[in-house]
> 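Pasting a structure here, questions to come.
Because only heavy atoms are used, hydrogens play no part in the values below, and waters and symmetry mates are left out as well, while side chains stay in.
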Amino acid sequence: MESPEPGGWPGVLHREGRTLCRLAVDPAGAGLGPAAKGEGAVFHNPAMAGSRTRSVLLMQHAIEAGLLGEGTLYALDGLSATGLRARRWLNELPADSAARISATMGDMDPVALDWAMRCHEEFPPEHGEGELIAHLGDLRTAVLEHGRHWVDIDPYGSPLPFLDTAIQSLARRGVMEVSATDSAALTGSSKSALLRRYGARVRTDGLAHDSGLRVLLATLARAAARHERSIGPLMSIWDSHHLRVSVCVRRGVEEANEVEDSLGWRVSSPTADEVGSSISTGLHPETSLDSLPMHCFLPLSHPVGRSDERVSGPLWIGSIGQREAMASLTEERALEMCGPPAAEDDPVGWSERDFDYECRRVARSVRHISQEAEVIDAAHLILVDDLSSWLGSGSPPSPRAMVDALRGAGHSAAVAHYGKPAFRTDAPWDAIVGASTKPQPPM
(Lines give C-alpha, C1' and ligand atoms only; values in the text may rest on other atoms or scores of the structure.)
Protein backbone atom coordinates (compact mmCIF):
# COMPACT_ATOMS: atom_id res chain seq x y z
CA MET A 1 0.00 0.00 0.00
CA GLU A 2 1.43 3.35 -1.03
CA SER A 3 1.94 6.01 1.62
CA PRO A 4 -0.39 9.02 1.35
CA GLU A 5 0.94 12.05 -0.44
CA PRO A 6 2.33 14.77 1.85
CA GLY A 7 0.42 18.03 2.13
CA GLY A 8 0.99 20.32 -0.83
CA TRP A 9 2.32 17.59 -3.11
CA PRO A 10 3.17 17.73 -6.02
CA GLY A 11 3.98 21.40 -5.51
CA VAL A 12 6.15 23.23 -8.03
CA LEU A 13 8.68 21.56 -10.31
CA HIS A 14 12.11 23.17 -9.93
CA ARG A 15 15.62 22.62 -11.28
CA GLU A 16 18.92 23.48 -9.61
CA GLY A 17 22.05 22.62 -11.53
CA ARG A 18 21.18 19.42 -13.42
CA THR A 19 18.81 18.13 -10.74
CA LEU A 20 15.01 18.25 -10.69
CA CYS A 21 12.96 18.45 -7.53
CA ARG A 22 9.54 19.47 -6.28
CA LEU A 23 9.06 22.35 -3.86
CA ALA A 24 6.01 23.50 -1.96
CA VAL A 25 6.65 27.11 -3.00
CA ASP A 26 8.14 28.46 -6.23
CA PRO A 27 11.53 29.99 -5.25
CA ALA A 28 11.27 32.40 -8.18
CA GLY A 29 8.57 34.25 -6.27
CA ALA A 30 10.65 34.59 -3.12
CA GLY A 31 12.95 37.29 -4.50
CA LEU A 32 16.68 37.56 -3.97
CA GLY A 33 18.52 36.71 -0.78
CA PRO A 34 18.14 34.02 1.87
CA ALA A 35 14.81 32.45 2.63
CA ALA A 36 13.32 32.55 6.09
CA LYS A 37 12.71 29.30 7.92
CA GLY A 38 9.06 28.40 7.97
CA GLU A 39 8.20 29.82 4.53
CA GLY A 40 6.39 26.86 2.95
CA ALA A 41 5.86 23.26 4.02
CA VAL A 42 9.47 22.25 3.30
CA PHE A 43 12.33 24.67 3.85
CA HIS A 44 14.35 25.48 0.74
CA ASN A 45 16.94 28.24 0.52
CA PRO A 46 17.67 29.25 -3.10
CA ALA A 47 20.55 31.45 -1.88
CA MET A 48 22.51 28.25 -1.09
CA ALA A 49 22.48 27.03 -4.71
CA GLY A 50 26.09 28.07 -5.27
CA SER A 51 27.14 26.33 -2.07
CA ARG A 52 25.53 23.10 -3.29
CA THR A 53 27.28 23.40 -6.67
CA ARG A 54 30.67 23.83 -4.99
CA SER A 55 29.93 20.85 -2.75
CA VAL A 56 29.44 18.60 -5.78
CA LEU A 57 32.70 19.75 -7.35
CA LEU A 58 34.69 19.47 -4.13
CA MET A 59 33.43 15.94 -3.51
CA GLN A 60 34.57 14.92 -6.98
CA HIS A 61 38.01 16.40 -6.32
CA ALA A 62 38.26 14.54 -3.00
CA ILE A 63 37.42 11.26 -4.73
CA GLU A 64 39.88 11.84 -7.57
CA ALA A 65 42.64 12.94 -5.18
CA GLY A 66 42.19 9.88 -2.96
CA LEU A 67 41.40 11.97 0.11
CA LEU A 68 38.70 9.53 1.19
CA GLY A 69 40.37 6.19 0.57
CA GLU A 70 38.84 3.34 -1.43
CA GLY A 71 35.51 1.54 -1.21
CA THR A 72 32.11 2.85 -0.18
CA LEU A 73 31.93 6.52 0.81
CA TYR A 74 29.44 7.20 3.58
CA ALA A 75 28.19 10.77 3.24
CA LEU A 76 25.72 12.64 5.42
CA ASP A 77 23.66 15.70 4.56
CA GLY A 78 22.80 16.19 8.20
CA LEU A 79 20.23 19.01 7.98
CA SER A 80 18.87 18.21 4.58
CA ALA A 81 15.41 19.88 4.34
CA THR A 82 14.58 19.21 0.64
CA GLY A 83 17.50 16.77 0.36
CA LEU A 84 18.67 18.65 -2.70
CA ARG A 85 22.33 18.70 -1.70
CA ALA A 86 22.56 14.91 -1.32
CA ARG A 87 20.50 14.37 -4.47
CA ARG A 88 22.83 16.66 -6.41
CA TRP A 89 25.83 14.65 -5.17
CA LEU A 90 24.37 11.48 -6.64
CA ASN A 91 22.95 12.98 -9.81
CA GLU A 92 25.74 15.34 -10.86
CA LEU A 93 28.84 13.36 -9.94
CA PRO A 94 30.14 11.06 -12.69
CA ALA A 95 28.70 7.55 -12.59
CA ASP A 96 31.88 5.89 -11.30
CA SER A 97 32.06 8.36 -8.39
CA ALA A 98 28.35 8.23 -7.56
CA ALA A 99 28.48 4.43 -7.54
CA ARG A 100 30.73 4.57 -4.46
CA ILE A 101 28.42 6.83 -2.45
CA SER A 102 25.94 5.86 0.23
CA ALA A 103 24.36 9.21 1.07
CA THR A 104 22.12 9.79 4.07
CA MET A 105 19.69 12.69 4.27
CA GLY A 106 18.98 13.58 7.88
CA ASP A 107 16.22 15.86 9.10
CA MET A 108 13.87 16.31 12.06
CA ASP A 109 10.90 16.93 9.74
CA PRO A 110 9.23 13.74 8.40
CA VAL A 111 7.37 15.74 5.75
CA ALA A 112 10.65 17.13 4.37
CA LEU A 113 12.14 13.64 4.14
CA ASP A 114 8.99 12.33 2.48
CA TRP A 115 9.21 15.07 -0.16
CA ALA A 116 12.91 14.39 -0.69
CA MET A 117 12.49 10.64 -1.18
CA ARG A 118 9.52 11.12 -3.50
CA CYS A 119 11.63 13.51 -5.59
CA HIS A 120 14.44 10.95 -5.65
CA GLU A 121 12.06 8.24 -6.84
CA GLU A 122 10.50 10.47 -9.50
CA PHE A 123 13.82 11.92 -10.67
CA PRO A 124 16.54 9.36 -9.88
CA PRO A 125 20.19 9.94 -10.89
CA GLU A 126 20.49 10.02 -14.66
CA HIS A 127 23.16 7.30 -14.57
CA GLY A 128 21.30 5.19 -11.98
CA GLU A 129 24.21 4.98 -9.53
CA GLY A 130 24.53 5.65 -5.80
CA GLU A 131 22.42 5.00 -2.72
CA LEU A 132 20.18 7.48 -0.91
CA ILE A 133 18.87 6.86 2.61
CA ALA A 134 16.48 8.97 4.67
CA HIS A 135 17.10 9.34 8.41
CA LEU A 136 14.48 10.93 10.64
CA GLY A 137 16.10 12.44 13.70
CA ASP A 138 18.72 14.73 15.13
CA LEU A 139 22.01 15.06 13.24
CA ARG A 140 23.85 14.34 16.49
CA THR A 141 22.43 10.82 16.60
CA ALA A 142 22.60 10.15 12.86
CA VAL A 143 26.32 10.86 12.61
CA LEU A 144 27.23 8.32 15.30
CA GLU A 145 25.60 5.33 13.60
CA HIS A 146 28.90 4.52 11.84
CA GLY A 147 32.00 6.20 10.48
CA ARG A 148 31.38 8.88 7.89
CA HIS A 149 33.71 10.02 5.16
CA TRP A 150 31.79 13.21 4.41
CA VAL A 151 29.58 15.25 6.75
CA ASP A 152 27.77 18.40 5.67
CA ILE A 153 26.42 20.73 8.37
CA ASP A 154 24.19 23.49 7.01
CA PRO A 155 22.09 24.73 9.94
CA TYR A 156 19.76 27.67 10.32
CA GLY A 157 22.09 29.73 12.51
CA SER A 158 25.24 28.62 14.27
CA PRO A 159 26.80 25.18 13.59
CA LEU A 160 28.33 24.99 17.09
CA PRO A 161 25.85 22.48 18.60
CA PHE A 162 26.77 19.88 15.97
CA LEU A 163 30.56 20.12 15.67
CA ASP A 164 31.79 17.74 18.36
CA THR A 165 29.59 14.78 17.45
CA ALA A 166 30.17 15.36 13.73
CA ILE A 167 33.94 15.29 14.20
CA GLN A 168 33.68 12.15 16.32
CA SER A 169 31.71 10.43 13.56
CA LEU A 170 34.34 10.90 10.87
CA ALA A 171 36.44 8.04 9.59
CA ARG A 172 40.22 8.20 9.99
CA ARG A 173 40.23 10.58 7.04
CA GLY A 174 37.13 12.57 6.23
CA VAL A 175 35.78 15.88 5.00
CA MET A 176 33.50 18.27 6.88
CA GLU A 177 31.67 21.13 5.23
CA VAL A 178 30.24 23.63 7.70
CA SER A 179 27.97 26.58 6.99
CA ALA A 180 27.22 29.37 9.43
CA THR A 181 24.38 31.81 8.87
CA ASP A 182 25.03 33.64 12.13
CA SER A 183 27.29 35.94 10.14
CA ALA A 184 26.37 38.96 12.27
CA ALA A 185 28.13 37.25 15.16
CA LEU A 186 31.10 35.90 13.21
CA THR A 187 31.82 39.22 11.52
CA GLY A 188 31.73 41.19 14.74
CA SER A 189 28.46 43.07 14.31
CA SER A 190 27.02 41.18 17.30
CA LYS A 191 30.01 41.37 19.63
CA SER A 192 28.36 39.67 22.59
CA ALA A 193 27.17 36.72 20.51
CA LEU A 194 30.62 36.38 18.93
CA LEU A 195 32.37 36.30 22.29
CA ARG A 196 29.77 34.03 23.88
CA ARG A 197 29.66 31.48 21.05
CA TYR A 198 33.16 31.57 19.59
CA GLY A 199 35.29 33.18 22.29
CA ALA A 200 36.65 35.73 19.81
CA ARG A 201 36.37 39.30 18.61
CA VAL A 202 36.36 40.63 15.06
CA ARG A 203 36.95 44.16 13.84
CA THR A 204 34.04 45.27 11.65
CA ASP A 205 36.12 46.44 8.69
CA GLY A 206 36.29 45.32 5.08
CA LEU A 207 38.01 42.06 6.06
CA ALA A 208 35.39 41.15 8.68
CA HIS A 209 34.05 38.25 6.59
CA ASP A 210 37.54 36.86 6.05
CA SER A 211 38.17 37.18 9.79
CA GLY A 212 34.83 35.47 10.43
CA LEU A 213 35.85 32.54 8.23
CA ARG A 214 39.10 32.30 10.19
CA VAL A 215 37.26 32.37 13.53
CA LEU A 216 35.08 29.52 12.27
CA LEU A 217 38.18 27.57 11.18
CA ALA A 218 39.80 28.17 14.58
CA THR A 219 36.64 26.86 16.25
CA LEU A 220 36.72 23.73 14.08
CA ALA A 221 40.45 23.23 14.71
CA ARG A 222 39.97 23.34 18.46
CA ALA A 223 36.97 21.01 18.31
CA ALA A 224 39.03 18.56 16.25
CA ALA A 225 41.95 18.79 18.68
CA ARG A 226 39.64 17.84 21.56
CA HIS A 227 39.12 14.53 19.77
CA GLU A 228 42.79 14.03 18.82
CA ARG A 229 42.33 15.20 15.25
CA SER A 230 43.54 18.04 13.08
CA ILE A 231 42.07 19.98 10.17
CA GLY A 232 43.38 21.08 6.79
CA PRO A 233 41.24 23.74 5.08
CA LEU A 234 40.19 22.87 1.53
CA MET A 235 38.08 25.94 0.76
CA SER A 236 36.56 28.87 2.67
CA ILE A 237 33.85 31.02 1.11
CA TRP A 238 31.81 34.07 2.01
CA ASP A 239 28.68 33.90 -0.12
CA SER A 240 25.77 36.25 0.38
CA HIS A 241 24.31 35.68 3.85
CA HIS A 242 26.52 32.81 5.01
CA LEU A 243 30.10 31.75 5.69
CA ARG A 244 31.19 28.23 4.76
CA VAL A 245 34.38 26.27 5.36
CA SER A 246 35.36 22.87 3.99
CA VAL A 247 38.11 20.98 5.79
CA CYS A 248 39.85 17.64 5.65
CA VAL A 249 39.92 16.06 9.11
CA ARG A 250 42.60 13.53 10.07
CA ARG A 251 43.26 11.53 13.21
CA GLY A 252 46.58 12.06 14.95
CA VAL A 253 47.56 13.14 18.46
CA GLU A 254 50.78 14.85 17.37
CA GLU A 255 49.05 17.12 14.86
CA ALA A 256 46.22 17.82 17.33
CA ASN A 257 48.78 18.95 19.91
CA GLU A 258 50.06 21.56 17.47
CA VAL A 259 46.70 23.27 16.96
CA GLU A 260 47.79 26.57 18.51
CA ASP A 261 50.58 26.92 15.94
CA SER A 262 47.86 27.73 13.40
CA LEU A 263 46.01 30.24 15.60
CA GLY A 264 46.70 33.89 16.25
CA TRP A 265 45.57 37.45 15.71
CA ARG A 266 44.87 39.83 12.86
CA VAL A 267 45.94 43.41 13.64
CA SER A 268 44.64 46.43 11.75
CA SER A 269 46.92 49.48 11.37
CA PRO A 270 49.88 47.59 12.89
CA THR A 271 52.90 49.32 14.37
CA ALA A 272 56.41 48.86 12.99
CA ASP A 273 57.20 46.52 15.91
CA GLU A 274 54.11 44.40 15.16
CA VAL A 275 54.96 44.16 11.47
CA GLY A 276 58.53 43.21 12.40
CA SER A 277 57.21 40.44 14.67
CA SER A 278 54.93 39.22 11.90
CA ILE A 279 57.87 39.08 9.47
CA SER A 280 60.12 37.29 11.99
CA THR A 281 57.52 34.55 12.52
CA GLY A 282 56.99 33.99 8.78
CA LEU A 283 53.47 35.42 8.71
CA HIS A 284 54.33 38.44 6.56
CA PRO A 285 56.61 38.84 3.52
CA GLU A 286 59.96 40.58 4.03
CA THR A 287 59.53 44.29 3.35
CA SER A 288 60.91 47.62 4.49
CA LEU A 289 59.04 49.43 7.22
CA ASP A 290 59.04 52.76 5.40
CA SER A 291 55.35 52.26 4.58
CA LEU A 292 53.33 50.08 6.93
CA PRO A 293 50.67 47.65 5.67
CA MET A 294 46.98 47.84 6.53
CA HIS A 295 46.99 44.52 8.38
CA CYS A 296 49.26 41.76 9.59
CA PHE A 297 48.94 38.44 11.42
CA LEU A 298 50.59 37.68 14.74
CA PRO A 299 51.00 34.31 16.49
CA LEU A 300 48.77 33.41 19.43
CA SER A 301 51.71 33.81 21.80
CA HIS A 302 52.10 37.49 20.90
CA PRO A 303 50.66 39.70 23.65
CA VAL A 304 47.69 41.82 22.55
CA GLY A 305 45.63 44.29 24.51
CA ARG A 306 42.25 42.99 25.58
CA SER A 307 40.66 46.36 24.80
CA ASP A 308 42.63 46.99 21.60
CA GLU A 309 39.98 47.52 18.92
CA ARG A 310 42.52 46.93 16.16
CA VAL A 311 42.74 43.22 17.04
CA SER A 312 40.64 40.33 15.69
CA GLY A 313 40.91 36.79 17.02
CA PRO A 314 41.84 34.29 18.12
CA LEU A 315 41.51 33.09 14.53
CA TRP A 316 43.12 30.76 11.99
CA ILE A 317 46.29 32.36 10.60
CA GLY A 318 47.25 29.62 8.13
CA SER A 319 46.00 29.07 4.60
CA ILE A 320 42.20 29.00 4.36
CA GLY A 321 42.21 26.67 1.38
CA GLN A 322 44.17 23.97 -0.44
CA ARG A 323 45.66 24.81 -3.81
CA GLU A 324 44.81 21.50 -5.49
CA ALA A 325 41.23 21.47 -4.25
CA MET A 326 40.50 25.05 -5.27
CA ALA A 327 42.27 24.67 -8.61
CA SER A 328 39.79 21.90 -9.51
CA LEU A 329 36.80 24.26 -9.24
CA THR A 330 36.99 25.71 -12.72
CA GLU A 331 34.07 27.22 -14.58
CA GLU A 332 34.56 24.63 -17.31
CA ARG A 333 34.26 21.72 -14.86
CA ALA A 334 31.31 23.32 -13.10
CA LEU A 335 29.43 23.58 -16.40
CA GLU A 336 30.42 20.07 -17.43
CA MET A 337 29.16 18.49 -14.20
CA CYS A 338 26.42 20.83 -13.01
CA GLY A 339 25.28 22.87 -16.00
CA PRO A 340 21.91 21.64 -17.36
CA PRO A 341 21.87 20.94 -21.10
CA ALA A 342 19.03 22.61 -22.96
CA ALA A 343 16.22 20.25 -23.93
CA GLU A 344 13.01 20.53 -25.91
CA ASP A 345 9.76 19.67 -24.14
CA ASP A 346 11.41 20.41 -20.81
CA PRO A 347 9.18 19.29 -17.90
CA VAL A 348 9.87 22.56 -16.04
CA GLY A 349 8.97 24.52 -19.15
CA TRP A 350 12.33 26.23 -19.44
CA SER A 351 13.29 28.11 -22.56
CA GLU A 352 16.80 28.15 -23.99
CA ARG A 353 17.27 31.45 -22.19
CA ASP A 354 16.37 29.83 -18.85
CA PHE A 355 18.94 27.08 -19.38
CA ASP A 356 21.54 29.69 -20.28
CA TYR A 357 20.75 31.65 -17.12
CA GLU A 358 21.19 28.57 -14.92
CA CYS A 359 24.49 27.74 -16.61
CA ARG A 360 25.72 31.27 -15.99
CA ARG A 361 24.68 30.97 -12.34
CA VAL A 362 26.58 27.68 -12.02
CA ALA A 363 29.71 29.24 -13.55
CA ARG A 364 29.41 32.33 -11.36
CA SER A 365 29.42 30.19 -8.20
CA VAL A 366 33.08 29.25 -8.81
CA ARG A 367 34.34 32.43 -10.48
CA HIS A 368 37.97 33.27 -9.55
CA ILE A 369 38.32 30.23 -7.22
CA SER A 370 40.66 28.21 -9.44
CA GLN A 371 42.84 31.26 -10.16
CA GLU A 372 42.92 32.27 -6.49
CA ALA A 373 44.20 28.78 -5.64
CA GLU A 374 47.72 29.82 -6.64
CA VAL A 375 47.93 32.37 -3.82
CA ILE A 376 45.44 31.08 -1.25
CA ASP A 377 48.25 30.71 1.28
CA ALA A 378 49.51 34.29 0.68
CA ALA A 379 49.61 36.76 3.56
CA HIS A 380 47.80 39.60 1.78
CA LEU A 381 44.09 39.85 1.04
CA ILE A 382 43.78 43.43 -0.18
CA LEU A 383 40.49 45.26 -0.69
CA VAL A 384 41.14 47.85 -3.37
CA ASP A 385 38.79 50.41 -1.83
CA ASP A 386 40.69 50.16 1.45
CA LEU A 387 44.04 50.31 -0.35
CA SER A 388 43.28 53.62 -2.06
CA SER A 389 41.97 55.07 1.19
CA TRP A 390 45.02 53.86 3.14
CA LEU A 391 47.45 55.36 0.62
CA GLY A 392 45.37 58.47 -0.06
CA SER A 393 45.64 57.75 -3.77
CA GLY A 394 42.15 58.75 -4.91
CA SER A 395 40.12 56.29 -6.98
CA PRO A 396 40.62 52.60 -6.12
CA PRO A 397 42.70 50.58 -8.57
CA SER A 398 41.23 47.67 -10.50
CA PRO A 399 41.89 44.27 -8.84
CA ARG A 400 42.76 42.86 -12.27
CA ALA A 401 45.18 45.71 -13.00
CA MET A 402 46.87 45.20 -9.62
CA VAL A 403 47.20 41.48 -10.28
CA ASP A 404 48.70 42.09 -13.73
CA ALA A 405 51.16 44.66 -12.35
CA LEU A 406 52.31 42.41 -9.49
CA ARG A 407 52.68 39.40 -11.77
CA GLY A 408 54.66 41.53 -14.17
CA ALA A 409 57.01 42.31 -11.30
CA GLY A 410 57.54 38.59 -10.62
CA HIS A 411 55.10 38.08 -7.74
CA SER A 412 52.12 35.74 -7.42
CA ALA A 413 48.71 37.40 -7.38
CA ALA A 414 45.09 36.66 -8.24
CA VAL A 415 41.67 38.28 -8.07
CA ALA A 416 39.93 37.00 -4.94
CA HIS A 417 36.60 35.20 -4.75
CA TYR A 418 35.40 37.59 -2.07
CA GLY A 419 32.27 39.66 -1.61
CA LYS A 420 34.14 42.93 -2.21
CA PRO A 421 36.64 43.82 -4.98
CA ALA A 422 39.93 42.37 -3.75
CA PHE A 423 43.07 40.45 -4.68
CA ARG A 424 45.49 38.10 -2.94
CA THR A 425 49.25 38.27 -3.32
CA ASP A 426 52.50 37.10 -1.77
CA ALA A 427 54.22 40.36 -2.78
CA PRO A 428 56.01 42.51 -0.20
CA TRP A 429 54.05 45.55 0.90
CA ASP A 430 56.55 47.81 -0.86
CA ALA A 431 55.72 46.12 -4.16
CA ILE A 432 51.97 46.51 -3.57
CA VAL A 433 52.39 50.22 -2.90
CA GLY A 434 54.54 50.57 -6.00
CA ALA A 435 52.01 48.77 -8.20
CA SER A 436 49.14 50.88 -6.89
CA THR A 437 50.87 54.13 -7.87
CA LYS A 438 51.24 53.17 -11.53
CA PRO A 439 48.70 54.64 -13.95
CA GLN A 440 45.77 52.23 -14.28
CA PRO A 441 42.48 52.11 -16.14
CA PRO A 442 39.38 52.78 -13.99
CA MET A 443 37.48 49.84 -12.45
> Test Leu79 against Tyr156 for side-chain contact (heavy atoms from CB on, under 4.5 Å), laying out the working first.
CA-CA 9 Å; Leu79 299 155; Tyr156 193 78; over 6 Å; no
> For the pair Glu358 and Arg15, evaluate salt bridge (charged side-chain N to carboxylate O under 4.0 Å, His left out) and give the outcome as yes or no after the intermediate values.
CA-CA 9 Å; Glu358 180 65 10; Arg15 177 186 285 107; over 6 Å; no
> Of the options Asp239, Asp152, Asp154, which is the one that meets Arg244 in a salt bridge (Lys or Arg N to Asp or Glu O under 4.0 Å)?
Asp152
> So, taking the atom named CZ in Phe423 and the one named OG1 in Thr425, what distance separates them when rounded to the nearest 0.5 Å?
6.5 Å
> Should His380 and His284 count as side-chain neighbours, where that means a heavy-atom distance under 4.5 Å?
yes
> Start with the C-alpha distance between Ser55 and Trp89, add both sets of side-chain angles, then the distance that settles side chain to side chain donor-acceptor pair (under 3.5 Å), and finish with yes or no.
CA-CA 8 Å; Ser55 186; Trp89 290 340; 3.0 Å; yes
> I'd like to know whether CZ of Arg172 has more than 12 heavy-atom contacts from other residues, nucleotides or ligands below 6.0 angstrom.
no
> So does His242 get a backbone contact from the side chain of Ser183, meaning a donor-acceptor N/O pair under 3.5 Å?
no
> Does the His127 side chain pair with the main chain of Glu129, one donor and one acceptor, at a distance under 3.5 Å?
yes
> Could you work out, with ring pair (Phe, Tyr, Trp, His ring centres under 6.0 Å) as the rule, every residue matching Phe355, not counting sequence neighbours?
Trp350
> Distance check, rounded to the nearest 0.5 Å: Ile376 atom CD1 versus Glu324 atom CD?
12.5 Å
> Taking Asp426 for its side chain and Ser412 for its backbone only, find out whether a donor-acceptor pair lies under 3.5 Å.
yes
> Roughly how far, to the nearest 0.5 Å, is OG of Ser328 from CG of Leu57?
7.0 Å
> State whether the side chain of Asp107 and the backbone N or O of Ala81 hold a donor-acceptor pair below 3.5 Å, judged by distance alone.
yes
> Identify whether the distance between the nearest side-chain nitrogen and carboxylate oxygen of Asp182 and Arg197 falls below 4.0 Å.
yes
> Run the side-chain contact (heavy atoms from CB on, under 4.5 Å) check on Ser365 and Arg54 step by step: do they pass?
CA-CA 7 Å; Ser365 71; Arg54 291 187 292 269; 3.9 Å; yes
> Only pairs under 3.5 Å count here: list side-chain donor-acceptor contacts from residues 91-106, not counting sequence neighbours, and write none if there are none.
from	atom 1	to	atom 2	distance (Å)
Asn91	OD1	Glu126	N	3.0
Asn91	ND2	Arg18	O	3.3
Asn91	ND2	Thr19	OG1	3.0
Glu92	OE1	Arg88	NE	3.3
Glu92	OE1	Arg88	NH2	3.0
Glu92	OE2	Arg18	N	3.0
Glu92	OE2	Thr19	OG1	2.8
Glu92	OE2	Arg88	NE	2.9
Ser97	OG	Gln60	OE1	2.7
Arg100	NE	Gly71	O	2.9
Arg100	NH2	Gly69	O	2.8
Arg100	NH2	Gly71	O	3.0
Ser102	OG	Glu131	OE1	2.7
Thr104	OG1	Arg148	NH1	3.3

> Okay, side chain of Ser351, backbone of Asp354: is any donor-acceptor separation there less than 3.5 Å?
yes
> Could I get the full list of ring pair (Phe, Tyr, Trp, His ring centres under 6.0 Å) partners for His209, not counting sequence neighbours?
Trp238
> Show your reasoning for whether salt bridge (charged side-chain N to carboxylate O under 4.0 Å, His left out) applies to Glu331 and Arg367.
CA-CA 7 Å; Glu331 293 185 29; Arg367 186 162 298 160; 3.6 Å; yes
> Does any non-hydrogen side-chain atom of Thr330 lie less than 4.5 Å from one of Val366?
no
> If you measure from the Lys or Arg side-chain nitrogens to the Asp or Glu carboxylate oxygens, is any gap between Arg424 and Asp210 under 4.0 Å?
yes
> Please determine whether ring-ring contact (aromatic ring centres under 6.0 Å, His included) holds for the pair His14 and His44, giving the CA-CA distance in whole Å, both sets of side-chain angles, and the decisive distance to 0.1 Å.
CA-CA 11 Å; His14 176 67; His44 170 72; 5.6 Å; yes
> Donor-acceptor pair, distance only, cut-off 3.5 Å: does the side chain of Arg229 make one with the backbone of Leu170?
yes
> Any side-chain heavy-atom pair from Cys296 and Arg266 closer than 4.5 angstrom?
no
> Hey, are Arg251 and Glu228 close enough for a salt bridge, meaning a charged N less than 4.0 Å from a carboxylate O?
no
> Quick one about Ser389 and Asp386 (side-chain donor to acceptor, distance below 3.5 Å, no hydrogens or angles considered), yes or no?
no
> Drop me the distance from Leu163's CG to Arg222's CZ, to the nearest 0.5 angstrom.
13.5 Å
> Please walk me through it: do Val151 and Phe162 pass side-chain contact (heavy atoms from CB on, under 4.5 Å)?
CA-CA 11 Å; Val151 174; Phe162 309 103; over 6 Å; no
> Distance from Ile237 atom CD1 to His417 atom NE2, nearest 0.5 Å?
4.0 Å
> Between Arg22 and Glu122 (salt bridge meaning N to carboxylate O under 4.0 Å), is one present in this structure?
yes
> Please check this pair: side chain of Gln322 against backbone of Ala325, looking for a donor-acceptor N/O pair closer than 3.5 Å.
yes
> Given the rule in the side-chain contact (heavy atoms from CB on, under 4.5 Å) test, do Leu263 and Leu315 qualify, once you have shown the distances and angles that lead to the verdict?
CA-CA 5 Å; Leu263 307 182; Leu315 43 67; over 6 Å; no
> Supply the atom-to-atom distance His135 NE2 to Leu76 CG, rounded to the nearest 0.5 angstrom.
8.5 Å
> Would you check, one step at a time, whether the test side chain to side chain donor-acceptor pair (under 3.5 Å) holds for Ser230 with Glu258?
CA-CA 9 Å; Ser230 61; Glu258 298 172 353; over 6 Å; no
> Please confirm whether the backbone N or O of Leu160 pairs with a side-chain atom of Ser158, one donor and one acceptor, at under 3.5 Å?
yes
> Distance-only, no hydrogens or angles: does the Ser80 side chain make a donor-acceptor pair with backbone N or O of Thr82 under 3.5 Å?
no
> Counting N and O atoms only, with roles assigned by atom type, does the side chain of Arg87 sit under 3.5 Å from a partner on the main chain of Leu20, one being a donor and the other an acceptor?
yes
